[in-house]
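Convention: sequence-line order gives letters A, B, ...; per-chain numbering from 1.
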Amino acid sequence: MAQIEARTAAGMRDFLPNEMLKRRYVISIVEEVFQLYGFEPLQTPILENTETLLGKYGEEAEGLMYSAKHGRQDEASVAMRYDLTVPLARVVAEHYNEFNFPFKRYQIAPVFRGDRPQRGRFREFYQCDADIVGVGRMIADSELISLAIKILRRLGFEAFTVKINNRKILTGMGQYAGVPDEQLSDLYRSVDKFDKIGADGVQKELLEGGIAEDVVERMMTLLQAGGSGTETLDNLAEVLADYEVAVEGIDELQQMATHLTRLDVPAENYAFDFTMVRGLGYYTGPIFETVLDDDSIGSISGGGRYDDLIGIFRKESLPTTGISLGIERIITLMDERGMYPDSIGETVVQVLVTVFNREMQDEAAALAMRLRNGGIRTELYMSDSRLKLGKQFGHADKKGIPIVAVMGPDEVEQDIVTLKRLQDGTEVTVKRGEAADKVRELLG
RNA sequence: GUGGAUGUAGCUCAAUGGCAGAGCACCUGAUUGUGGUUCAGGUGGUUGUGGGUUCAAGUCCCAUCAUCCACCCCA
C-alpha cells in the first residue's frame, strides 16, 4: 500500500509547541487588555448556516467560502465562517432578549477563506475582534482605538499610527466629484491605492474612470489634506459644506478627536487620512486602520462602524462598531524582531527527572511527583532503549529544559538529589524535600 | 481568476545531457554518573507526478500537481 503524503492542506499551518508558546503569549496579552476595557469573551461555531454567511455578500462571498458537507443530503447546507463579524451579528439578533446593551464582546478564533495563499495570507487564520453593539455615539469608536493602541504598546510596538477616516466623508467626496453611485466602489478602490501608487497613480486612475479633470484636481487636494489636528477637519468642512453627509462625517471625527485625548491617545499616534478606505462594503461611519511607521507590511489592525449589518438578521438594526487586530501579522513582526520575553522559552517543562537505571525508575517517579506537587512543571524521562545519562541530558538540552535532576545510587542513599542548571552548568545537591524550592531558586 | 519563478536527503542548497553531492539535522562510538564544543563512523533519494526526445535526462520538451512572488480580491 502506497504511503500517504504527510502534509497540511493548501494554506493551512501546524503550530508546533515552540510556536504555540509565542502565540499564546501574544493572545494572553490581547485578551487581558480586552478584559481591562470591559469586553467579555464569546465563542461561536466554526460552521454556520450557509444562508447566514451569505447574508449580505451573496455571490461575492461564495468564491471564498468553504462549504461543509456530510453524508446526509437532507439538511440545510452549512459552511465555514470567513470572519467573526457576521456571526456576531447573528448572535445579537438571535439572543437579543438575553443581552443588556451595550453588548461588548471579544473573540479570538480561526476563520477560513478559500483565497489563494500568499505571504502572510493563509486559508485558516486567527481573527481577533472586539466589538461594541448598541452605541451610536463616537465614544464607542474612540474607545476601540484607545484599546488597540494599549494592546500594541503592551506587546512592545512603539512607532505606529492609527489612520482614521469616515465613510460618510468618502460618500460626500463622491457626491462632490459627481460620481454616480454605481461607480462609487471604483472610486474608493482607486483612492485606497494611494499608499501604493501615489498621488499621480490615483489621479490617473480617476481620470481613466471618467471623472472630469477639474474635479479630479480638487479631489486630489482634499485627499492629501490629512493630519491629526482638527483644523484639518475644519478645512475639509468648508469645502464640503454643501454635502450634508460629509458634514456629518466630519463632525463625528471632530467628536472623536476630543474623546481620544481623554482616552490617553496622544496626537502623534493617530492621523486623519482621507485616502484610507478599507475594503468592506458594510462600513457606514468612522473607519480606522493601524500601520507601523517603520514597516510596509500593511495594517496590523483595522475596524469601523457598521450600523446596518445586524439589520440583516433583525427588523431593526443596532448601531455597532468594532476593531480587529491583525494577529497573524503582529506575530510575524514579533518573530522577525525578537519581541518576546526570554521567559517564554522553548518548552513549558522546567525540570527533567532522569532515570539512572531501570531499578531507579520508581525513585525517579517519586521525585517527579514530589516536584509536581510542589508546582514545578516536570518531565519524567522515559525511553524504550538503554538508559544513559548523557542521552537524557541531550534530550533536556535539545528541548530547552533548563534544569536536570539526577538521582543515582549515591543520592538515594543520602536522601538527596542533584540539580543541574544546563545554561551555566551550576550543580547543587539538596535534600529531596527541598527540591521544588531549590528548582524555583535556580529558575530565578 | 491573471502573469512570472521554483520543485533534488528532514532543512538550506550544489551537480556542462554522462557514477546524485555538500553543509546543517539525525543515529552510533570516542565518554559505563552529565548536555552544548571536538573527533571518527553511519542512516537517509523512484531528483514533485505522468508522459516524450535521446545511446544516455536531475538537466531538454509537453502535461499535471505543489510552493513562492506580483496582480485581482481581501468580509
Side-chain angles (χ1 to χ4, degrees), chain A residues 2-3 5-13 16 48 52-66 79-90 111-123 125 127 129 131 185-186 188-190 192-193 196-197 277-283 287 289 298-299 302-304 306 308-309 312 322 324 326 328-329 352-357 360 364 381 385-413 417-429:
Chain A
Q3 270 190 355
E5 192 178 358
R7 71 165 178 224
T8 54
M12 307 286 174
R13 294 167 295 169
L16 301 185
E48 294 274 355
T52 302
L53 295 177
L54 285 177
K56 192 160 176 175
Y57 298 99
E59 303 92 57
E60 222 181 301
E62 244 168 325
L64 292 173
M65 230 167 67
Y66 278 97
M80 296 167 88
R81 63 183 173 207
Y82 49 79
D83 76 357
L84 301 176
T85 308
V86 171
L88 169 67
R90 192 219 84 220
V111 303
F112 302 83
R113 293 182 196 176
D115 242 347
R116 190 128 146 209
Q118 228 172 85
R119 183 168 64 111
R121 200 155 122 179
F122 307 96
R123 289 181 164 181
F125 61 97
Q127 281 205 334
D129 288 9
D131 293 80
S185 60
D186 292 335
Y188 294 160
R189 219 191 323 279
S190 297
D192 197 27
K193 289 184 190 164
K196 202 181 275 185
I197 64 179
V277 174
R278 295 193 60 71
L280 309 193
Y282 58 52
Y283 289 123
I287 49 181
E289 197 166 279
S299 68
Y306 49 99
D308 299 334
L309 189 64
I312 298 174
S324 182
E328 304 289 358
R329 276 180 182 172
L352 177 73
V353 173
T354 58
V355 181
F356 194 83
N357 56 37
M360 298 273 155
Y381 188 80
S385 53
R386 199 153 61 100
L387 292 169
K388 292 177 68 177
L389 273 188
K391 200 155 158 50
Q392 301 185 45
F393 271 76
H395 174 74
D397 186 48
K398 268 166 214 152
K399 217 174 139 178
I401 300 171
I403 293 174
V404 174
V406 178
M407 212 177 29
D410 298 347
E411 283 87 354
V412 170
E413 196 179 316
V417 56
T418 300
L419 298 173
K420 181 170 179 176
R421 182 164 61 193
L422 295 188
Q423 190 192 349
D424 57 3
T426 303
E427 199 167 301
V428 294
T429 57

Pairwise [atom1] distance, [M] and [N] [rounded to whole Å]:
| N | M | atom1 | answer |
| --- | --- | --- | --- |
| B:G23 | B:U2 | C1' | 39 Å |
| B:U16 | B:C60 | C1' | 13 Å |
| B:A70 | B:U46 | C1' | 35 Å |
| B:G21 | B:U6 | P | 25 Å |
| B:C68 | B:G48 | C1' | 15 Å |
| B:G52 | B:C11 | C1' | 33 Å |
| B:C71 | B:C62 | P | 28 Å |
| B:G44 | B:U38 | P | 25 Å |

Legend entry - Distance, rounded to the nearest Å, where A:Arg123 contributes CZ and B:C73 contributes P: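 Value for this atom pair: 18 Å.
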Inset, instruction - Take atom CD of A:Gln127 and atom C1' of B:C74, then tell me their distance rounded to the nearest Å. - result: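 Answer to the nearest Å: 11 Å.
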Of all residues at least two apart in sequence or in a different chain, which pass the salt bridge (charged side-chain N to carboxylate O under 4.0 Å, His left out) check with [X]?
| X | result |
| --- | --- |
| A:Arg123 | none |
| A:Glu48 | A:Arg90 |
| A:Lys193 | A:Glu205 |
| A:Lys399 | A:Glu379 |

Inset, instruction - Please name the pair of heavy atoms, one in A:Val406 and one in A:Thr354, separated by the smallest distance, quoted to 0.1 Å. - result: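 That closest heavy-atom pairing would be CA-OG1, 3.4 Å.
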Inset, instruction - For RNA chain B, produce a single dot-bracket line, 5' to 3'. Pairs: Watson-Crick or G-U wobble, both distances under 3.5 Å. Symbols: ( ) within strand, [ ] crossing, | other strand, . unpaired. - result: (((((((..((((....[..)))).(((((.......))))).....(((((..]....))))))))))))....
Inset, instruction - Report the residues that fulfil side chain to side chain donor-acceptor pair (under 3.5 Å) with A:Ser299, sequence neighbours left out, ordered by chain and then residue number. - result: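 So A:Ser299 forms no side chain to side chain donor-acceptor pair (under 3.5 Å) with any residue.
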Inset, instruction - For A:Asn357, check side-chain contact (heavy atoms from CB on, under 4.5 Å) against everything at least two apart and list the hits. - result: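 A:Asn357 satisfies side-chain contact (heavy atoms from CB on, under 4.5 Å) with A:Glu359, A:Met360 once adjacent residues are dropped.
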Inset, instruction - Between protein and nucleotides 27-39 of chain B, map the contacts as a letter string: B base, S sugar-phosphate only, - none, heavy atoms under 4.0 Å, written 5' to 3'. - result: S-S---BBBB---
Inset, instruction - Indicate, with a heavy-atom threshold strictly under 4.0 Å, whether A:Lys399 touches base, sugar-phosphate, or nothing. - result: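 Result for A:Lys399 = nothing.
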Inset, instruction - Under 4.0 Å between any heavy atoms, over every strand shown, what does A:Arg189 touch: base, sugar-phosphate, or nothing? Just pick one. - result: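 Here A:Arg189 touches the backbone only, sparing every base.
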Legend entry - Close side-chain approach of A:Ile401 and A:Leu422, heavy atoms under 4.5 Å: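 Side-chain contact under 4.5 Å: no.
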Legend entry - Set of ring pair (Phe, Tyr, Trp, His ring centres under 6.0 Å) partners for A:Tyr381, sequence neighbours left out: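 With sequence neighbours excluded, A:Tyr381 shows a ring pair (Phe, Tyr, Trp, His ring centres under 6.0 Å) to A:His395, given in chain and number order.
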